[in-house]
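This report concerns only the one structure given below.
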Amino acid sequence: MPAQILQTNATPFSPVEIDPVTLDIIENALRNARVEMDATLVRTAMSPGIREQGDSFPLIADHKGRMIVGQFGSFIDGFLKVYTGTLEEGDMILLSDPYSCDGAVSHSNDWLILLPIFRSGRLIAWSAMFGHMSDIGGKVAGSMPIDASSIFEEGVRIPPVKIYRKGVYNEDVVALVMHQTRTPDWCKADLSAIIASCRVAARRVDEMCTRFGEDVFVSATEELLARNHRAMKHLIATSIGEEPVMFEDYICDDGKGFGPYKIKCTMRRIGDKVLLDFDGTDPQSSASINFFLNENMFKMFFGIYMIMVFDPQILFNDGFYDLIEVRIPEGSLLKPKFPAALSGRTHALGRIFDILGGLLGQKTPEFLNAAGFSSSPHLFYSGTDGDGRWFQLFQIGFGGIPGRPLGDGPDGHSLWPGFTNVPNEFLERYFPLMIERYETAADSGGAGLHRGGNGIHMTYRFLEPGIIAIHDDRWFTYPWGVNGGEPGARARKIIEKQDGTQTIVGNKSEEIAVEAGDQLHFITWGGGGWGDPLERAPELVALEIRQGLVTVAGARRYGVVIDGRSVDIAATAALRADMRGARPADLPLFNHGPDIETLRANCLAETGLPAPRPPHWFVPEQAIAAE
């Protein structure tokens, strides 16, 4: 039986006509409340992942649990489907287990707080937020073992529990959970910050209801949802065709030596609705790269992508969900069966956005984005310093954002709008390391009329012995280019010892021992290019050479010849003519680089790493036939 909401006031809300000014005031008040949630969190959290990078996702939802403002879509629907208890005024829910909330959070490091907001005995809204906890126990520091074979290796799993019951704080459950983590001070502070952020939103909702009345507030949220529905209905009708389009991309490997893993999606419009079907996606992995993709979360991803590409002025919310149908095969990489490991799901999460770009642009190539939302690079570094104090770093890195219809992709930028880089000064102040290099990786962005964003070359010098782990992708496959643009460069990770010897290490590696003085060259992928590189202005290429974004040799990918610091106009014209004559007249819509088998054959020579072995799937029907 689904969750029961206990209300002492059974009076239904009465629909009210909302004038545009009132609607605008409530909409912006909700936006500001969401910003205030972020500000409260950042000022009171302790872990660098939340405080410095913003790895947290707030929302304010209506009384039915539909997100009005936020980023990731509502977590509430998935929770209400599986929670069998009651909810009443003064209650607050804590949970982290993806399998207990239908994937509303997608790995156990994300701790989610749900606060039902009551007024006059009626549920009038929800506030919620989840944040990534730096450590929740498990077999490795950081609790994200890429080689985990089940979720039991990934730390504490919290089912939906009442952290507040009728306003009373559950100290025992918090003490129990904090006992599992290597960083209890950080986790407790971050959890308190998330709770405080949700309470801020609840106060702002209450103030809006005091000012305008409960019926006006509820009617305004209904209109905001309806407005989004109308906008998305128009976008779907004008941007998505009835003929099916298909796109597929790959996770390079699973950290255990197998890969790549295919994610495939087919899209078509049926009447007013769009169908997105992941049939053909590979089965779940025995490692932790599985991504338990909640259907509503993917609907929000789809909506965000549609809105950002076609009409960025629209306030996205959950109002359009009935216009989208999502089908994900059970037992696949995107809907694994319990107890599949989930902690490395960020690679598939990033790839989902690349796939959306590949799908949505096929009917309208002028809106097509290249690949570049490729992963979410992670570095973990832990150990005990010379004074016997435990240190533990979890840091998210960034690659190149793809070339786009309206311009170049940003260099070394976050996939998520609210994320920021951790300042180097912070890292050096609180962890035993030095940042020797932090710069764009020149030429790593795919060449194009609009260049793909460059990746980052970041060099860490470790000052204490410790253990590091690396989680990244796009080292085997390329971030593809579009409309004639070239792919971006692949990722690389190199350990350099004090004597100068270098070892290439895998982009998904656990338990790497480092000594004081060792360096890690952490080099991320670039974004794919957009459009014909030979159409890019030579003067812009020359400027980017002076800025360190492109090299003189790399300029030749654009057919540009540099003489000193200036463009050699005659040589550039001749080179571009030769390059045009040597290529097909029609440039490819997608440029993925070599096919998978060619990548396998050349992997060791090109990357310094052995090619991943093809995954093997256990198919029950085959076992029966063999008997």
Side-chain angles (χ1 to χ4, degrees), residues 45-53 55 107-109 111 131-148 152-156 174-191 255 288 343-344 377-397 422-438 458-472 493-499 501-503 505-522:
M46 285 185 61
S47 71
I50 292 180
R51 189 176 89 176
E52 299 297 325
Q53 299 214 264
D55 192 354
H107 70 168
S108 300
N109 288 77
W111 287 8
H132 180 102
M133 296 295 155
S134 295
D135 190 281
I136 58 168
K139 71 175 189 173
V140 298
S143 315
M144 296 175 63
I146 201 68
D147 58 351
F152 297 111
E153 299 174 73
E154 298 173 346
V156 63
V174 174
L176 175 65
V177 171
M178 295 306 163
H179 195 65
Q180 315 305 313
T181 170
R182 298 172 180 85
T183 57
D185 292 344
W186 281 4
C187 284
K188 192 167 186 179
D190 290 354
L191 178 60
S288 70
S343 61
H378 294 349
L379 173 67
F380 304 83
Y381 171 43
S382 62
T384 304
D385 66 17
D387 296 323
R389 294 173 299 191
W390 174 256
F391 63 86
Q392 182 175 325
L393 169 66
F394 160 64
Q395 183 183 4
I396 301 171
V422 178
N424 293 342
E425 296 81 2
F426 179 92
L427 293 172
E428 294 179 341
R429 171 64 179 83
Y430 290 101
F431 301 97
L433 54 78
M434 292 182 62
I435 306 302
E436 300 285 354
R437 176 187 296 183
Y438 185 68
M458 192 167 184
T459 299
Y460 301 83
R461 183 184 294 274
F462 303 111
L463 303 181
E464 295 281 1
I467 299 295
I468 67 170
I470 299 166
H471 296 181
D472 199 4
K493 307 294 181 288
I494 303 167
I495 296 286
E496 182 176 346
K497 306 298 286 186
Q498 292 190 69
D499 62 5
T501 58
Q502 295 188 349
T503 303
V505 294
N507 281 263
K508 295 186 186 69
S509 299
E510 292 286 349
E511 300 288 316
I512 302 174
V514 292
E515 300 296 328
D518 289 352
Q519 295 183 74
L520 169 64
H521 299 282
F522 197 100

Do [X] and [Y] come close enough that some side-chain heavy atom pair is under 4.5 Å?
{"X": "L176", "Y": "Q180", "result": "yes"}
{"X": "R51", "Y": "M46", "result": "no"}
{"X": "F462", "Y": "P432", "result": "no"}
{"X": "R182", "Y": "S143", "result": "yes"}
{"X": "F426", "Y": "P48", "result": "yes"}
{"X": "L520", "Y": "I468", "result": "yes"}
{"X": "Y460", "Y": "Q395", "result": "yes"}
{"X": "E496", "Y": "R461", "result": "no"}

For the student: nearest non-hydrogen atoms of [X] and [Y], plus distance:
{"X": "W390", "Y": "G383", "result": "CE3-O, 3.3 Å"}
{"X": "N424", "Y": "M458", "result": "OD1-CE, 3.6 Å"}
{"X": "L463", "Y": "A516", "result": "O-CB, 3.5 Å"}

Just checking, any donor-acceptor pair under 3.5 angstrom between side chains of [X] and [Y]?
{"X": "D190", "Y": "S47", "value": "yes"}
{"X": "D518", "Y": "Q498", "value": "no"}
{"X": "S343", "Y": "H107", "value": "no"}

*So among E511, E153, E154, E510, which one has a salt bridge (Lys or Arg N to Asp or Glu O under 4.0 Å) with K139?*
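Going through the options one by one, the only one that passes is E153.
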*Ring centroid separation for F391 and Y381, is it under 6.0 angstrom?*
yes
*Would you mind checking if K508 and D472 are paired as a salt bridge, meaning a charged N to carboxylate O distance below 4.0 Å?*
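Judged by the 4.0 Å cut-off on N to carboxylate O distance, D472 and K508 do not form a salt bridge.
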*Charged N to carboxylate O under 4.0 angstrom, K497 versus D499?*
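Result for this pair is no, no salt bridge flagged.
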Give a yes or no answer on whether the side chain of [X] reaches the backbone of [Y] with a donor-acceptor pair at less than 3.5 Å.
{"X": "D135", "Y": "A141", "answer": "no"}
{"X": "T459", "Y": "R437", "answer": "no"}
{"X": "T181", "Y": "M178", "answer": "no"}

Rounded at 0.5 Å granularity, tell me how far [atom1] in [X] sits from [atom2] in [Y].
{"X": "L379", "Y": "I470", "atom1": "CG", "atom2": "CD1", "result": "6.5 Å"}
{"X": "D55", "Y": "M133", "atom1": "CG", "atom2": "CE", "result": "10.0 Å"}
{"X": "I136", "Y": "C187", "atom1": "CD1", "atom2": "SG", "result": "8.5 Å"}
{"X": "H378", "Y": "F522", "atom1": "NE2", "atom2": "CZ", "result": "9.0 Å"}
{"X": "E515", "Y": "I495", "atom1": "CD", "atom2": "CD1", "result": "11.0 Å"}
{"X": "H471", "Y": "M144", "atom1": "NE2", "atom2": "CE", "result": "6.0 Å"}

*When F394 is tested against each of F431, W186, F380 for ring pair (Phe, Tyr, Trp, His ring centres under 6.0 Å), which residue passes?*
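The passing option is F380.
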_Please determine whether side-chain contact (heavy atoms from CB on, under 4.5 Å) holds for the pair L433 and L427, giving the CA-CA distance in whole Å, both sets of side-chain angles, and the decisive distance to 0.1 Å._
CA-CA 7 Å; L433 54 78; L427 293 172; 4.0 Å; yes
